[in-house]
Amino acid sequence: MKVIIIGGVAGGATAAARIRRLDEQAEIVVFERSGFISYANCGLPYYIGGVIEDENDLTLQTPESFWKRFRVKMNVHHEVTEIHPENKTVTVKNHESGAIFTESYDKIILSPGAQPIKPGFDGIDSNRIFTLRTVEDTLKIKKYLSSHKPESAVVVGGGFIGIEVAENLRELGVNITLVEAADQLMAPFDSDMAAFIHAEVRKNGINLMLGRMVEGFSDTDNGIDVKLKDFATLHTDMVVMAIGVAPETALAKAAGLELGIKGSIVVNDKMETSVPDIYAVGDAVQIKNFVTDTDTLISLAGPANKQGRIAADNICGGNSRYKGGQGSSVIKIFGMTAAATGINEKTAKTLDIHTDKVILSPMSHAGYYPGGKMMTIKVLFEKESYRILGAQIVGFDGVDKRIDVLATAIGAGMKVYELAELDLAYAPPYSSAKDPVNMAGYIAENIKNGMVKQWYCEDADTLPRDGSVTLLDTRTPFEYSRGHIGGFINIPVDELRERIGEIDKEKSVYVICQSGLRSYVASRILTGNGFNVYNFAGGFRFYDAVCNDKELNKKSTPCGMDA
């Protein structure tokens, strides 16, 4: 059996190694257009910033090492230009020699990946504009930084690559403006959770411009102008375009493979395309969202590796199937960690899924053990079934392990209140006896059992201020004096029983505290005394962060740049 793999990196290289492990006699040939067959995509921004110092550390395998261990013929700087399914051959161009030749196959795995989106703006081909997808892209940026020593840069796009590049350039002392067309960074997060990300980005000296659309570029004698729609032009030394990626599927289209959303390759759960003996994996394929069972694209290394393994299994006579992805992801943002899995509220509303949520702000480990840091957790679930739909966490320590637990719970089909039952490891330096994931389950359990009703950040402006309801802040007078929501009276929770006569039992009560714990205690006190009570999800800390972010976004200007 002869297998041709088109494209290396996560999907292609994984498939090649797996086929060899399953079939010692197979002939495996890989054609990779770039000069690197297996490299750490996710590490590229950190090489630019100097966190990863040695360029060679980015290369996971070389053609020589792959051949030595797996007897796989790895051909770099070779591009497959045509696939001929009717006679099971491909046309290949050697970019080093210019030679064009034909290669036969029994099976093909397509792993072409995705390419950075570069809109047809005026000036887009400037040599001061960069994208970041390959090792070659990284080396190009690194060389520019070394030779030109730019003082400023505009990063266009607020996703994973945009933020990571912005952070690493900022750590080098470059003055950064981050421009994003949407009203928030990081699309997997809801806007309320993104508020914490925005705060961390701003705190570290990045000029954040949300809701601003780039329209074009123009080189000048001493830099490049970035033209914005309905806003002043920015002048800078260099630009990094990071507005997303698109499946690279021209080859698949020309070969007659069925294409799906955004031109991606349609595959079944065995990673088979619409053409016999041709498989496809990685960023170029359309998959099922595990949570919603809808078609989607997920450009992440984890799914690509799994898909490469599954395609290899099936080529070698197995029966492996891909169950879909849920987009579990994590990102370092200076000192902060932000992570998400499953779907967010925006997606749920688009799909008309009725949801509820719990929001909490626990410490990363036991409060009495030094060094604990607060995180904010949001867990989304389906109202009727209590099925977990997604989760988002922003914080500092312990974020990654909590999102992994929640991702596993989603994969296992758990109900949100069942999180309370999880037996999770505890020692004071690492967690609390009631782990934050357990706490999310306790809150959901209380909602399910009718022990608590919630109100949310988006309700704050519409709550009546005409006296028809009671708005109650249960923090200390000092906390209240430092900032509170207009119209809320202050009765500390520890004084509530003695002062309960100050509250009209005929009126519904909306309660808030700093994190949600004291207001929950107050809710139980009031409920036990016959009141109709709603507890705020997330606490004043959460409300304040969201409101501050909205105000800062309105005032967003390119501080520190010439405009």
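FYI, side chains are in, hydrogens and waters are out, and symmetry mates aren't considered; it's all heavy atoms of this structure.
The minimum heavy-atom distance between I197 and A338, with the atom names listed, is CD1-CB, 4.0 Å. Heavy atoms only, all atoms of each residue included: G342 and V291 are closest at CA-CG2, 4.0 Å. Closest approach of A312 and L22 over heavy atoms only: O-CD1, 4.0 Å. Nearest heavy atoms, V358 versus A444: CG1-N, 4.0 Å. Pairing each heavy atom of K378 with each of K357, the nearest pair is CE-CD, 3.8 Å. Here the closest heavy-atom approach between residue H365 and residue S431 is recorded as CB-N, 3.4 Å.
Looking at K401, its side chain does come within 3.5 Å of a backbone N or O of Y430 through a donor-acceptor pair. Side-chain atoms of D137 come within 3.5 Å of backbone N or O of T134 as a donor-acceptor pair. Remark: the backbone N or O of S523 is paired with a side-chain donor or acceptor of T527 at under 3.5 angstrom. T376 places no side-chain N or O within 3.5 Å of a backbone atom of I393 that could act as its donor or acceptor partner. Q286 places a side-chain N or O within 3.5 Å of a backbone atom of I261 that can act as its donor or acceptor partner. Checked by atom type and distance alone, the side chain of T14 never pairs as donor or acceptor with a backbone atom of G11 at under 3.5 Å. A donor-acceptor pair under 3.5 Å is absent between the side-chain atoms of E164 and the main chain of Y46, judged by distance alone. Panel note: side chain Q326, backbone A407; a donor-acceptor pair is recorded below 3.5 Å. Looking only at distances, a side-chain donor or acceptor of N344 sits under 3.5 Å from a matching main-chain atom of P188. Using modelled atom types, one side-chain atom of E418 and one backbone atom of K415 make a donor-acceptor pair closer than 3.5 Å.
Looking at R402 and D435, a side-chain N of the basic residue comes within less than 4.0 Å of a carboxylate O on the acidic one, giving a salt bridge. Ionic pairing of R133 and D283 is present here: one or more N-O contacts between side-chain nitrogen and carboxylate oxygen are shorter than 4.0 angstrom. Checked for salt-bridge contact, D356 and K448 miss the test: no charged N lies under 4.0 Å from a carboxylate O.
Between Y417 and Y386, the ring planes are perpendicular. Angles over 60° get that label, and only those under 30° would be called parallel.
The shortest side-chain heavy-atom distance between I377 and P362 falls under the 4.5 Å cut-off. No side-chain heavy atom of I161 sits less than 4.5 Å from a side-chain heavy atom of V245. Two residues are said to be in side-chain contact when any heavy atoms from C-beta on lie closer than 4.5 Å; L496 and V521 fail this criterion. With a 4.5 Å cut-off on side-chain heavy atoms, T296 and K288 do not count as touching. Between Q307 and V267 the shortest side-chain heavy-atom distance does not fall below 4.5 Å. Contact check for L472 versus I489: side-chain heavy atoms found under the 4.5 Å cut-off. Side-chain contact between H198 and L210: present, with at least one pair of heavy atoms (C-beta onward) separated by less than 4.5 Å. Residues P428 and Y368 meet the side-chain proximity criterion, which asks for heavy atoms closer than 4.5 Å.
Residue-environment remark: NZ (K349) stays at or below the threshold of 12 foreign heavy atoms within 6.0 Å. Atom CG of N319 is surrounded by more than 12 heavy atoms from other residues, nucleotides or ligands within 6.0 Å. In this structure, K332 places its NZ atom where more than 12 heavy-atom neighbours from other residues, nucleotides or ligands lie under 6.0 Å away. Within 6.0 Å of CZ in R69 there are 12 or fewer heavy atoms belonging to other residues, nucleotides or ligands. Heavy-atom contacts from other residues, nucleotides or ligands closer than 6.0 Å to CZ of R21 number more than 12. Surrounding CG of D423 are at most 12 heavy atoms belonging to other residues, nucleotides or ligands under 6.0 Å away. Atom OH of Y369 is surrounded by 12 or fewer heavy atoms from other residues, nucleotides or ligands within 6.0 Å. The number of heavy-atom neighbours closer than 6.0 Å to CD of E53, taken from other residues, nucleotides and ligands shown, is 12 or below.
Between the CG atom of L185 and the CD1 atom of I333 there is a distance of 8.0 Å, given to the nearest 0.5 Å. Distance check, rounded to the nearest 0.5 Å: CE of M271 to CZ of R309 gives 14.5 Å. Between atom CZ of residue F290 and atom NZ of residue K323 there is a gap of 7.0 Å, rounded to the nearest 0.5 Å. A distance of 11.5 Å separates CG in D397 from CE in M336, rounded to the nearest 0.5 Å. Rounded to the nearest 0.5 Å, atoms CD (Q184) and CE (M193) are 11.5 Å apart. Taken from CG in L58 to OH in Y47, the straight-line distance is 7.0 Å, to the nearest 0.5 Å.
Using modelled atom types, one finds no donor on one side chain facing an acceptor on the other under 3.5 Å when comparing K505 with N529. In summary, the side chains of S519 and N535 do present a donor paired with an acceptor at a separation below 3.5 Å, with no hydrogens or angles considered. At a cut-off of 3.5 Å, with distance as the only test, no side-chain donor of H484 or D473 sits close to an acceptor on the other residue. Using a 3.5 Å distance cut-off with no hydrogens or angles, the side chains of D459 and T462 do not pair a donor with an acceptor.
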- Item | K346 and D190: CA distance, side-chain angles, deciding distance, side chain to side chain contact (heavy atoms under 4.5 Å, CB included) verdict | CA-CA 7 Å; K346 293 175 292 186; D190 287 310; 3.7 Å; yes

Q: Go through Q454 and I443 one step at a time and tell me if the side chain to side chain contact (heavy atoms under 4.5 Å, CB included) criterion holds.
A: CA-CA 10 Å; Q454 296 189 115; I443 297 171; 4.3 Å; yes

- [ ] Might you work through the side chain to side chain contact (heavy atoms under 4.5 Å, CB included) test for I485 and L463, ending with a clear yes or no?
- [x] CA-CA 11 Å; I485 304 176; L463 286 177; over 6 Å; no

* Could you walk me through whether K373 and V399 pass the side chain to side chain contact (heavy atoms under 4.5 Å, CB included) test, one step at a time? => CA-CA 10 Å; K373 295 182 179 179; V399 169; over 6 Å; no

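Only one option out of Y520, Y456, Y510 pairs with Y534 in a ring pair (Phe, Tyr, Trp, His ring centres under 6.0 Å); it is Y510.
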